[in-house]
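Input: a single structure, listed below in C-alpha cells.
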Amino acid sequence: MQYNDRDMDIKQVEKKWQQRWEKAKLNGFDHKSDAPKYYVLEMFSYPSGAKLHVGHWYNYGPADSFARYKRMQGYNVFQPMGFDAFGLPAENYAIKTGVHPKDSTEKNIATMENQLRAMGAMFDWSAEVKTCNEEYYKWTQWMFLQLFKKGLAYRKEAPVNWCPSCNTVLANEQVVDGRCERCSTEVVRKNLTQWFFKITEYAEELLTGLDDLDWPEKTKNMQKNWIGKSTGCEIEFATESGEKIRVYTTRCDTIFGVSYVVLAPEHPLALKLTTPEQQEAVKNYIEYAAKASEIERLSVTREKTGVFTGSYCINPLSGKHIPIYLADYVLASYGTGAVMAVPAHDERDFAFAKKYGLPIEKVIQKQGGETVLPYCEDGIVVNSLEFDGMVGEEARDAIATHISKLGKGGKKINYRLRDWLVSRQRYWGAPIPVIHCPKCGAVPVPEKDLPVRLPYDVEFRPDGKSPLAKHEKFMHTVCPVCGGEALRDPDTLDTFVCSSWYYLRYADPHNEKMPFDREEVDKLLPVDTYVGGAEHACMHLLYARFFTKALRDMGYLDFDEPFRRLVHQGVILGPDGNRMSKSHGNVVSPDDYINEYGADAFRLYLMFGFSYTEGGPWNDDGIKAIARFMDRTEKIVLKVDDYKVKREEPNGADEKALDYARNFAIDRVGKDMENFSFNTAIARIMELVNAIYKYDGLERKNVTLMKATVRDLVLLLAPCAPHFAEELFEQIGGRGFVFEQPYPKADPAALVLDEKEYAVQVNSKIVTKAVLSTSLTDAEVEEAVLKIPEVQAKVEGKTVRKCIVVKGRIVNLIAN
RNA sequence: GCGGGCGUGGCGGAAUGGCAGACGCGUUGGACUUAGAAUCCAAUGGGCAACCGUGCAGGUUCAAGCCCUGUCGCCCGCACCA
C-alpha cells in the first residue's frame with residue numbers, strides 16, 4: 001500500500017480544495033468580469049445508474065482540464081452541468097420495480113451530483129438544470145408552442161416506427177438497423193396520428209451550415225449523409241384514365257428507357273389505378289407489404305416483389321404506353337413515392353424487370369467500351385431522338401429543360417431527412433401542451449397556463465396506450481377557445497426535445513418569465529467547445545442545430561449555430577478490449593480506483609493512457625504509473641522548495657538546458673491542451689519532471705532557476721490534477737489559488753538553442769551526427785560537415801552536387 | 001453497395017514530408033537494503049553483423065509512417081433514397 005504512504009492524504013486534500021473552491025466561488029462564471037467569455041460544455045448526464053461510470057469520467061475529467069486551462073489563460077469560463085432527466089430507462093425501471101420514475105430519478109441525480117463534485121470539476125452548479133423539473137419543462141412546452149405558432153410543429157397521420165417493447169413510437173433517428181435504439185426490439189410500422197417538427201424546412205441550411213463549423217469531419221459527413229441532398233427531376237406521367245403520377249428521378253437522361261412505372265404500395269393512387277381484374281392481387285400485395293417487417297424491408301438480398309395494377313401510363317417524351325406496378329422497393333416517404341423504372345440503367349429495376357418479364361431498353365452507352373447491362377454510370381445517350389449523343393449532366397439539363405417546357409415537371413431537389421416525430425406514448429416526459437376539442441380541434445395550451453403538469457399518480461404499466469390517457473383528472477379539461485369540454489393530448493415529448501435547448505437555459509437558468517433572456521444568452525452563447533459522444537451525430541446534434549435556427553428565425557436568438565467547436569471523446573473499453581458491459585463481466589468501476597489513488601490520479605490516467613478521441617482498453621498498470629509520477633513530482637517539488645537560494649548561482653550550459661526544458665514544456669503543453677491532445681501534454685510534463693531530476697543530480701545548482709521551474713511545473717499540472725496542484729502550490733508558498741495564476745508563457749529566447757545536433761546524410765543515408773551552432777548559414781553548415789572524416793570518406797572521389805540543410809535537423813549531401 | 005476512419009515495438013501510444021518508436025508500461029542489469037512487489041540509476045524495435053524495419057505492392061521526392069495509385073484487413077456511419 002505504498003501509495004497511501006504519501007505525504008498527502010489524498011481524500012482530505014481533495015475535500016479541502018473542493019470546499020475552498022466552492023467557498024471562493026472559483027468554479028462559477030463571473031458575471032461581473034470583463035474578461036472574454038469561454039463556454040465549455042459537456043453533454044449533460046442521463047441519471048441512469050446510481051454511480052458515475054468510466055465513460056462519465058472520461059468525458060468530464062479531461063474536458064474540465066481543458067476548461068481549467070482556458071481559465072488560467074484568462075478567460076471567464078462558463079462550464080455548467082445538469083441532467084437530462086426524462087426518459088425511458090427510469091420508466092422501465094419503474095415498471096420493473098415499482099419505484100416511481102420521479103423518485104428514482106431524483107435519488108440518482110442526488111448521488112451523481114455528489115460524485116460530480118468529488119471529481120473536482122469546475123462546474124458552475126448555480127446554473128444547473130434538470131429537464132424533469134417543472135421550471136424547465138414548462139419552457140420545453142413553451143418551445144413546442146412557438147414551433148406550433150411558426151408552423152414548424154404539426155400533426156399528421158403517418159406510418160411510424162413503433163417499438164412493441166417500449167410501447168412507443170420512435171423517431172427515424174432512433175431506429176438502428178430496423179431495431180429500437182434502446183432495447184433492440186424489432187420495430188414495426190403503424191399508422192398513427194402524431195406530432196412532428198418540421199426539421200426538413202431547414203434541411204438546406206443544416207447542410208450548408210456544416211461548412212463553417214469546427215467539428216470532426218466524420219460527424220459532419222454523417223449529418224450530410226443523413227440529410228441526404230439529391231438533385232434530380234420530377235416528371236409527370238399521365239395515365240390512360242387521366243390521373244397524373246409524378247415520379248422523382250436523378251437520371252432523367254434515361255427517360256427514353258422507361259419500361260414501367262412503380263408506385264409504393266402506400267401510394268394514394270394505388271387502389272384508384274387498379275383495374276377490377278387486378279383488385280384482389282393488388283389488395284393482397286398491399287397487405288403483404290404492410291406486414292413485412294422493417295428488417296425484411298431493409299434486407300438487400302431480399303427478392304423484389306410487386307404487382308401489376310392493370311393500368312398504363314404514357315411516357316411524356318416518347319409517348320410510349322407503359323404498365324404501372326406497385327412494389328415495396330419504392331419508398332412512400334421519399335420523393336414522390338413513385339419512380340420511373342429504367343431496367344437497363346438501374347440495378348433494382350433490372351432485377352424487377354427480369355423477374356416480371358418487362359422490357360429492358362438500352363438508352364445509355366458506355367463511352368469507349370462495351371456497355372454491360374445494367375449500366376448505371378453516365379454515358380452517351382442513344383435511342384432518345386434529339387437527345388442522342390449528349391452525355392451525363394448535359395443530357396439531364398437538356399431533358400429537364402424540355403420537360404419543364406412541356407409543363408410536365410422539372411428540376412427538383414430532394415432530401416432524405418424526414419420530419420422529426422416527437423410524440424411518445426410514454427409517461428416520463430414533458431406532456432405535449434395541446435388540448436383536443438371536439439369542436440375546435442387541436443388547440444395549443446395558452447402560454448399563461450404552462451406548465452401542463454405531469455401528474456405523479458399515474459399507472460404507467462404499458463398497454464400500448466399513453467399512460468396519461470388513463471389519468472382522468474389530467475385528461476379532462478376545457479377548451480381554451482370555446483370553453484367546452486375537451487381532452488388533453490396524452491402523449492409526452494421525445495426527450496431529445498428537452499436536450500435541444502438546455503445549453504440556452506444554462507445561460508439564464510432561473511428565469512421565471514421566459515426560457516432565457518436574450519441578453520444573458522448573447523453574453524454566453526454560442527458554446528465555444530462542446531464535448532460529448534459521437535453517437536449523437538444525427539440525433540441530438542442535429543436537433544439542437546434545428547432548434548437554434550428556428551429560435552433565430554422567431555427572433556429569440558441571433559446566431560446560427562449553437563456549437564462552434566465539437567470534440568468527441570473516444571470510448572474506454574474493458575481490459576479485454578470489449579465494450580464494458582455486465583454480460584462481458586469487464587466493467588471497471590471508477591470508485592475503487594478513486595478510493596485508492598484519488599480523483600486526480602484517475603483523471604490523469606484517463607488523460608495520459610489514451611488518445612482522447614480514440615479511447616481504448618482500460619489498463620490497471622497505467623494508473624499505478626500515474627500514481628508513481630505524482631509521487632515523483634511531489635517529492636521533487638518539496639525538495640526544491642526546501643533549498644535555500646545561494647548568493648552565487650551557476651549559470652552555464654546545464655542551466656540553459658533546464659531552462660530550455662522548462663520553456664519547451666510550457667510551449668508544448670499549452671498547444672496540446674488546446675488540441676485535446678492530453679496524452680502528449682502529460683508526456684511533456686513528465687519530461688519536465690525528468691529534466692528537473694536530472695538537474696537536481698548535479699553538484700552545483702541554480703536554486704533560483706529550480707524554484708521558478710518547479711513553480712511552472714505546478715502551474716502546468718494544475719488543469720490536469722487540480723487538487724494535487726493546489727496543494728503543491730500552497731506548500732511552495734503560492735498565494736491564493738493556483739487557478740488564479742496566469743498560465744505560464746514560454747520565453748521565446750529560452751527556446752532558441754545555441755547548438756543543435758544534426759543528422760548528417762550523404763545521398764540520403766545517415767553517416768554521422770554533428771553538433772553545430774544554430775547561427776551558421778546553410779553554406780557554413782555544408783562547409784562544417786565536409787570537414788567530418790566519415791563524411792569525407794563517403795564523398796571521396798565524388799562531386800557534391802547539392803546540399804540540403806533543414807535547420808537544426810538534417811544536412812543531406814548529394815554526391816556522385 | 002455508398003461515405004468516413006484506422007493498420008507503427010511485447011503493450012498503451014508519439015511523430016508541421018526531415019534522425020520512426022516521444023512519454024509511459026513491461027523486461028533486463030545495477031544501486032540502496034536483512035529483504036523488496038518500494039525508491040533511484042542505466043539499457044531496451046529486430047539482427048552477431050552488413051543491414052532490415054510503420055498491413056501489402058508500386059509511384060512522386062534529395063528525403064515518405066505522413067503525399068499519389070492499387071490492394072488486403074479491421075472499425076464506424078448510411079443503406080432498395082430511384
Side-chain angles (χ1 to χ4, degrees), chain A residues 1-3 5 176-178 216-226 228-230 232-233 247-252 254 262 264 297-302 304 327-331 333-342 345-349 351-352 376 414-418 534-535 537-538 571 605 608-611 613-614 616-626 628-629 631-632 635 668 672 677 679-690 693-694 697 757-766 768-769 801-815:
Chain A
M1 288 290 99
Q2 59 280 3
Y3 298 108
D5 294 342
V176 179
D177 293 335
E217 282 306 312
K218 183 177 174 166
T219 307
K220 291 203 220 178
N221 275 323
M222 279 169 70
Q223 289 207 355
K224 271 182 202 162
N225 209 304
W226 191 259
K229 183 178 182 173
S230 134
C233 188
V247 303
Y248 174 74
T249 180
T250 53
R251 291 298 303 275
C252 66
T254 63
V262 201
R297 269 189 90 140
L298 285 171
S299 166
V300 184
T301 52
R302 179 169 173 244
K304 305 249 176 300
D328 68 359
Y329 79 88
V330 174
L331 307 176
S333 49
Y334 182 74
T336 59
V339 304
M340 57 179 223
V342 186
H345 306 294
D346 181 283
E347 280 176 36
R348 297 152 300 183
D349 300 342
F352 192 84
C376 307
N414 262 324
Y415 300 91
R416 270 194 26 191
L417 185 69
R418 307 292 147 77
E535 67 275 11
C538 294
V571 180
Y605 170 58
F608 179 65
F610 311 86
S611 161
T613 53
E614 297 293 316
W618 174 267
N619 174 353
D620 257 10
D621 293 333
I623 193 158
K624 287 183 195 145
I626 285 293
R628 186 179 308 162
F629 160 68
D631 264 350
R632 250 170 89 74
K635 272 187 202 144
R668 292 293 300 276
D672 288 345
S677 181
N679 54 347
T680 52
I682 307 293
R684 299 291 91 86
I685 297 176
M686 287 174 168
E687 282 171 350
L688 179 57
V689 171
N690 292 344
Y693 264 91
K694 190 176 167 197
E757 188 184 66
Y758 282 72
V760 183
Q761 301 180 329
V762 175
N763 291 332
S764 306
K765 289 216 165 183
I766 292 176
T768 182
K769 306 208 167 165
R801 306 273 171 204
K802 204 171 167 187
C803 175
I804 294 140
V805 178
V806 181
K807 257 226 175 311
R809 291 178 182 274
I810 270 180
V811 200
N812 190 3
L813 295 169
I814 310 304

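Quick note on labels: first sequence line is chain A, next is B, and so on, each numbered from 1. The shown structure was predicted, so the numbers you read here are calculated from the model rather than taken from an experiment.
Comparing atom distances between the A/Ala683 side chain and each of B/A79, B/A82, B/C23 picks out B/C23 as nearest. Taking only side-chain atoms of A/Trp226, from C-beta outward, the nucleotide of B/C78, B/C23, B/C25 with the closest atom is B/C78. Checking B/C62, B/C19, B/A82 against every side-chain atom of A/Val330, the shortest atom distance belongs to B/A82. When the nucleotides B/A82, B/C23, B/G18 are ranked by their closest atom to the side chain of A/Val806, B/G18 comes out on top. Comparing B/C19, B/A22, B/C76 against the side chain of A/Lys218 picks out B/C76 as the nearest. Picking from B/C19, B/A82, B/C62 the nucleotide with the shortest atom distance to the side chain of A/Glu757 gives B/C19. Considering only side-chain atoms of A/Tyr334, the nucleotide from B/C80, B/C19, B/A82 that sits closest is B/A82. With B/G3, B/U39, B/C52 as the choices, the nucleotide that has an atom nearest any side-chain atom of A/Asn225 turns out to be B/G3. Of the candidate nucleotides B/G18, B/G13, B/A82, B/G13 has the atom lying nearest to any side-chain atom of A/Asn679. Taking only side-chain atoms of A/Ser764, from C-beta outward, the nucleotide of B/C41, B/C80, B/A63 with the closest atom is B/A63.
Taking 4.0 angstrom as the limit, A/Asn619 places none of its side-chain polar atoms (N or O) nearer than this to OP1 or OP2 of B/G13. Checking the phosphate oxygens (OP1, OP2) of B/G12, no side-chain nitrogen or oxygen of A/Ser611 falls inside 4.0 Å. For the OP1/OP2 pair of B/G13 and a distance below 4.0 Å, the side-chain nitrogens and oxygens of A/Thr680 include no atom meeting the criterion.
We find that CZ of A/Phe608 is positioned 14 Å from P of B/G12, with the value rounded to whole Å. Nucleotide B/C40 holds its P atom 17 Å from the NZ atom of A/Lys694, rounded to whole Å. Rounded to an integer number of Å, the gap from A/Arg418 CZ to B/A79 P is 9 Å. Between A/Glu217 atom CD and B/C6 atom P there is a gap of 12 Å when expressed in whole angstrom units. Distance, A/Asp631 CG to B/C40 P: 9 Å, rounded to whole Å. For A/Arg416 and B/G3, the CZ to C1' distance is 11 Å, given to the nearest whole Å. Across the protein-nucleic acid pair, A/Trp618 atom CH2 and B/G12 atom P stand 16 Å apart, rounded to whole Å. Put simply, CD1 on A/Ile810 is 18 Å from P on B/A15, counting in whole angstrom units.
Under the 3.5 Å distance criterion, the side-chain polar atoms of A/Asp346 are left unmatched by any main-chain donor or acceptor of A/Cys376. The backbone N or O of A/Lys769 sits nowhere less than 3.5 Å from a side-chain atom of A/Tyr758 that would complete a donor-acceptor pair.
Going from the P atom of B/U39 to that of B/C76 covers 39 Å, rounded to whole Å. Rounded to whole Å, the separation between the C1' atoms of B/C40 and B/C48 comes to 33 Å. B/C6 and B/G13 are spaced 14 Å apart, taking the P atom of each and rounding to whole Å. Taking atom P on both nucleotides, B/A49 is separated from B/A14 by 31 Å, rounded to a whole Å. Between B/G55 and B/A64, the distance separating the two P atoms is 15 Å to the nearest Å. B/G65 and B/C52 have their P atoms separated by 13 Å, given to the nearest Å. Nucleotides B/A42 and B/G59 place their P atoms 44 Å apart, quoted to the nearest Å. Only the C1' atoms considered, B/G9 is 32 Å distant from B/G77, to the nearest whole Å.
Applying the 3.5 Å distance criterion, the base of B/A38 shares no donor-acceptor pair with the side chain of A/Arg628. The base of B/C62 sits within donor-acceptor range of the side chain of A/Asn812, with an N or O pair under 3.5 Å. In the interface, the side chain of A/Lys624 is not paired with the base of B/C25 through any donor and acceptor atom under 3.5 Å apart.
Map A/Tyr758 and A/Ile804 each onto its nearest nucleotide of RNA chain B; the residue landing nearer the 5' end is A/Tyr758. Taking the nucleotide of RNA chain B with the nearest heavy atom to each of A/Tyr693 and A/Glu687, the more 5' of the two is matched to A/Glu687.
In B/G9 the base sits syn relative to the sugar, since the glycosidic angle is no further than 90° from 0.
Remark: B/G7 base-pairs with B/C72; criterion is Watson-Crick or G-U wobble with both hydrogen-bond distances under 3.5 Å. Base pairing of B/U44 is made with B/G26, judged by Watson-Crick or G-U wobble geometry with both donor-acceptor distances under 3.5 Å. Of all nucleotides present, only B/G1 satisfies the Watson-Crick or G-U wobble test against B/C78, with each distance under 3.5 Å. Pair assignment for B/C67: B/G59, on the basis of Watson-Crick or G-U wobble contacts that are both within less than 3.5 Å. Across all strands shown, B/A35 remains unpaired; no Watson-Crick or G-U wobble contact has both distances below 3.5 Å.
For the atom pair CZ of A/Arg628 and CD1 of A/Ile623, the computed distance is 13.0 Å after rounding to the nearest 0.5 Å.
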Exercise for the section: Carefully, step by step, assess A/Tyr605 and A/Phe610 under the rule side-chain contact (heavy atoms from CB on, under 4.5 Å). Expected result: CA-CA 8 Å; A/Tyr605 170 58; A/Phe610 311 86; 3.7 Å; yes

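No more than 12 heavy atoms of other residues, nucleotides or ligands shown are found within 6.0 angstrom of NZ on A/Lys694. Under a cut-off of 6.0 angstrom, the local environment of CD in A/Glu347 is sparse, with at most 12 non-hydrogen atoms contributed by other residues, nucleotides or ligands.
Side-chain N/O atoms of A/Ser764 and A/Asn812 include a donor and acceptor closer than 3.5 Å.
In this structure, A/Phe352 and A/Tyr329 have tilted ring planes: the angle between them lies in the 30° to 60° band.
Residue A/Lys224 is out of contact with every strand shown, counting any heavy-atom pair closer than 4.0 Å. Among the heavy atoms of the strands lying under 4.0 Å from A/Arg632 are primed sugar atoms or P, OP1, OP2 only; no base atom is included. Nucleic acid contact for A/Gly609: sugar-phosphate only, since backbone atoms but no base atoms lie under 4.0 Å from a heavy atom of the residue. The residue A/Asn763 sits apart from the nucleic acid: no heavy atom pair falls under 4.0 Å.
Checked against A/Arg809 for a side chain to side chain contact (heavy atoms under 4.5 Å, CB included), the options A/Val806, A/Val811, A/Val805 give a single hit: A/Val806.
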